[in-house]
Enquirer: 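The structure that follows is given in the form of structure tokens.
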Amino acid sequence: MPTLDDILEHVGEFDRFQKQIFFVLCLLSASFTPVYVGVVFFGFTPEHRCFSPGVAELSQRCGWNLEEQLNHTVPQWDGHGASFSSRCRRYEVDWNTTGISCTDPLGSLWGTGDPVPLGPCRDGWVYDSPGSSIVTEFDLVCEDSWKLDLFQSSVNAGFFIGSLNIGYIADRFGRKFCLLTTIVANIVCGLLLAFVPSYLWIVIIRFLQGLVSKGCWTSGYILVTEVVGPQYRRTVGILYQAAFSVGLLLFDGLAYALPHWRWLQLTVTLPTCFLLLYYWCLPESPRWLISQGKNDKAMKIVRNMAKKNQKKMPSHLKDIKFEEEDCGKQNPSLMDLFRTPQIRKNTLILMYNWFTSSVLYQGLIMHMGMAAENMYLDFLYSALVEFPAAFIIIVTIDRVGRRYPWAVSNLVAGAACLATALIPEDIHWLKVITACIGRMGITMAFEMVCFVNTELYPTYIRNLGVMVCSSLCDIGGVIAPFIVYRLVEIWHDLPLVVFTVLGLIAGGLVLLLPETKGRVLPETVEDVENFHRQSAPTAKKIYLQVQGSEIAHG
């Protein structure tokens, strides 16, 4: 019996029908950006200081400019407000007292002997920002700064739980059904985020958004790779991820135009309502229909595909099904990922690389947002480097191979983080360049771990292997905010040192994996165990079905 891939060779592997689906699903990929990296703008922390009643009136009476006011009334003010005391403590004096000296106000209030006592910011904070963020609205600074970490970690926790459940829904009820239901849920969560009044509800809804949004993005990835021929599948998957990078640019422009986080949230959510048109624009995956025994529906889609591609399907291709391998009848278990030496090594290295890719990718974005002189420009630069990253992958993976470009990308990311940490603050342009090089490196590593993961497991545990290993990506996303936002309080570039260690170790571990360039997908455990002794076979033909757990970009 012919397979779907056989039929695609006649009706078009990537022609008008597939290009239309690819384009509309790239819109979905781009719309995922505000969920994944939205904390950069939604959770922006501007320069801040305690609000002290009476200071504004005293400043007006004395004729101080802003710098003079800060020098006289803010503890340990060094011109940049960089210390904990200047941001989170205030002088325990009454600035409404009459007769305060304009030249030495503290001396006239407390005397010149003992130091002036400091206290917490009981009356809130003053933020040097024309816009708003969840930080300024809910005062997520000083003792409550950890709540910003929780804001980002909650969505990654949702990713972790949701990916497992959404993957089941996609396999059980279909790619299109899963896509549409998660789009609806994501729209509802996005709209609620723009209006809920409390921090607690924001965290809860952010978690719910994580439950559905990554599964939504993944369903699009599955569908777009299942309707194209084998030789286009990997390229289409990489370009689908590149559409996410286009979303970074659009999100940056919107954030610049709308510096108020609630308006920004509403603006990035409303256009996603148009994605509901997918009900009429997208077909169900014919591969999924075949796997469910719905061959007639699958053939109807294939005939429509041939018509749109202006191709004629040969008359002898009247039936369609996937070849069933005996190994597919095995029952996979978690222990199968650790039972034999080579598979155990692959599993541990892949788990670590998924974890590292997520920590460095999200961590660098968050750290650049904190360190930026111009947050919008630096975010733009770091987003632009993702496009050459995708180009380099497409050019090298079938010429050089997987292992060396993957290892080099991790090593470059780690080395760039170290260089960024060591460059002095007054050479900001050079710090931005090295940080962008690190972003390009980790973007390449992130995209490569996605498809190499599928090439290192035998057929019957391939789905399980990708699902378990990629779950470390979401765990890394939960931890990344705490690494960035907590360690910067010790030393601003300390997170970069942590990223350096993680990246360099990841690059070294990748070199221990076998090269998969030019090899067919392994079908048995023995194939994997003998990988390093085999020469690359070219004659054997296999049939690849993209599975629901094949995910990328977290």
Side-chain angles (χ1 to χ4, degrees), residues 19 22-42 155-156 159 213-214 216-221 224-225 232-257 264 268 271-272 275 354 357-369 372 375-397 405-406 409-410 412-413 416 432-433 435-451 470 473 476-477 480 550-554:
K19 289 175 182 176
F22 171 70
F23 174 75
V24 296
L25 286 175
C26 280
L27 300 178
L28 172 71
S29 181
S31 70
F32 180 56
T33 300
V35 180
Y36 196 65
V37 299
V39 67
V40 176
F41 300 116
F42 297 143
V155 75
N156 280 280
F159 291 163
S213 58
K214 186 179 177 182
C216 181
W217 187 93
T218 305
S219 297
Y221 181 87
V224 77
T225 52
Y232 292 97
R233 193 169 293 134
R234 188 178 295 115
T235 301
V236 164
I238 293 172
L239 292 178
Y240 179 78
Q241 296 175 66
F244 175 89
S245 304
V246 175
L248 293 175
L249 302 180
L250 297 175
F251 185 46
D252 184 54
L254 287 173
Y256 178 77
L264 178 59
V268 298
T272 60
L275 299 180
W354 275 105
S357 295
S358 178
V359 169
L360 265 68
Y361 186 87
Q362 293 194 48
L364 279 173
I365 289 177
M366 287 184 283
H367 190 268
M368 289 187 72
M375 175 175 60
Y376 305 102
L377 274 180
D378 287 0
F379 189 90
L380 173 66
Y381 299 148
S382 70
L384 287 173
V385 300
E386 295 201 2
F387 296 100
F391 176 76
I392 292 171
I393 293 174
I394 292 173
V395 169
T396 60
I397 56 174
W406 185 13
S409 63
N410 273 305
V412 166
V432 172
I433 290 175
C436 286
I437 293 173
R439 280 274 283 111
M440 182 171 67
I442 202 58
T443 298
M444 289 180 59
F446 213 153
E447 294 187 1
M448 294 192 75
V449 70
C450 298
F451 60 82
S470 63
C473 164
E550 197 173 345
I551 60 176
H553 266 315

Enquirer: Using modelled atom types and a 3.5 Å cut-off, is there a donor and acceptor pairing between side-chain atoms of T33 and backbone atoms of F244?
Expert: yes
Enquirer: What heavy-atom pair brings W406 and A445 nearest, and what distance separates the two atoms?
Expert: NE1-O, 3.7 Å
Enquirer: Does S29 use its side chain to pair, donor to acceptor, with the backbone of Y240 at less than 3.5 Å?
Expert: yes
Enquirer: What distance do E447 atom CD and I397 atom CD1 have between them, rounded to the nearest 0.5 Å?
Expert: 10.0 Å
Enquirer: Calculate, to the nearest 0.5 Å, the distance between atoms CG and CZ belonging to L384 and F379 respectively.
Expert: 10.5 Å
Enquirer: Can you check whether W354's main-chain N or O pairs, donor with acceptor, with S357's side chain at less than 3.5 Å?
Expert: no
Enquirer: Rounded to the nearest 0.5 Å, what separation is found between the CE atom of M444 and the OG atom of S409?
Expert: 5.0 Å
Enquirer: Hey, mind stepping through N410 and I442 against side-chain contact (heavy atoms from CB on, under 4.5 Å) and telling me if it holds?
Expert: CA-CA 6 Å; N410 273 305; I442 202 58; 4.0 Å; yes
Enquirer: Specify the closest pair of heavy atoms between M448 and I393, including all atoms of both residues, with the distance to one decimal.
Expert: CG-CD1, 4.0 Å
Enquirer: Taking the six-membered ring for Trp and the single ring otherwise, decide whether the centroids of F32 and F159 are under 6.0 Å apart.
Expert: yes
Enquirer: Contact between P405 and I392 at the side-chain level, heavy atoms closer than 4.5 Å - yes or no?
Expert: no
Enquirer: Does a side-chain heavy-atom distance below 4.5 Å link Y361 with E386?
Expert: yes
Enquirer: Which value, rounded to the nearest 0.5 Å, describes the distance between L27 atom CG and T272 atom OG1?
Expert: 11.5 Å
Enquirer: Determine the minimum heavy-atom distance between V385 and M440, stating which atoms define it.
Expert: O-CG, 3.6 Å
Enquirer: How about OH on Y256, more than 12 heavy atoms from neighbouring residues, nucleotides or ligands closer than 6.0 Å, or not?
Expert: no
Enquirer: Is L239 close to I394 at the side-chain level, that is, under 4.5 Å between some pair of heavy atoms?
Expert: yes
Enquirer: State, yes or no, whether a side-chain contact exists between V35 and V155 at a heavy-atom distance under 4.5 Å.
Expert: yes
Enquirer: Write down the atom of A390, the atom of I238, and the distance for their closest heavy-atom approach.
Expert: CB-CG2, 4.0 Å
Enquirer: Of all the heavy-atom pairs spanning M368 and C436, show the shortest one and how long it is.
Expert: CE-SG, 4.1 Å
Enquirer: Let me confirm one number: the NZ-OH distance from K214 to Y221, rounded to the nearest 0.5 Å.
Expert: 12.5 Å
Enquirer: Distance check, rounded to the nearest 0.5 Å: R234 atom CZ versus C450 atom SG?
Expert: 12.0 Å
Enquirer: Kindly indicate whether the side chain of I365, heavy atoms from C-beta on, has any atom under 4.5 Å from the side chain of Y36.
Expert: no
Enquirer: Between S358 (side chain only) and G477 (backbone N and O only), is there a donor and an acceptor less than 3.5 Å apart?
Expert: yes
Enquirer: May I have the step-by-step check of side-chain contact (heavy atoms from CB on, under 4.5 Å) for I433 and Y381, ending in yes or no?
Expert: CA-CA 8 Å; I433 290 175; Y381 299 148; over 6 Å; no
Enquirer: I would like to know whether F387 and L249 meet side-chain contact (heavy atoms from CB on, under 4.5 Å); could you show each step before the answer?
Expert: CA-CA 11 Å; F387 296 100; L249 302 180; 3.7 Å; yes
Enquirer: Which pair of heavy atoms, one from L275 and one from S31, lies closest together, and at what distance?
Expert: CD1-OG, 3.9 Å
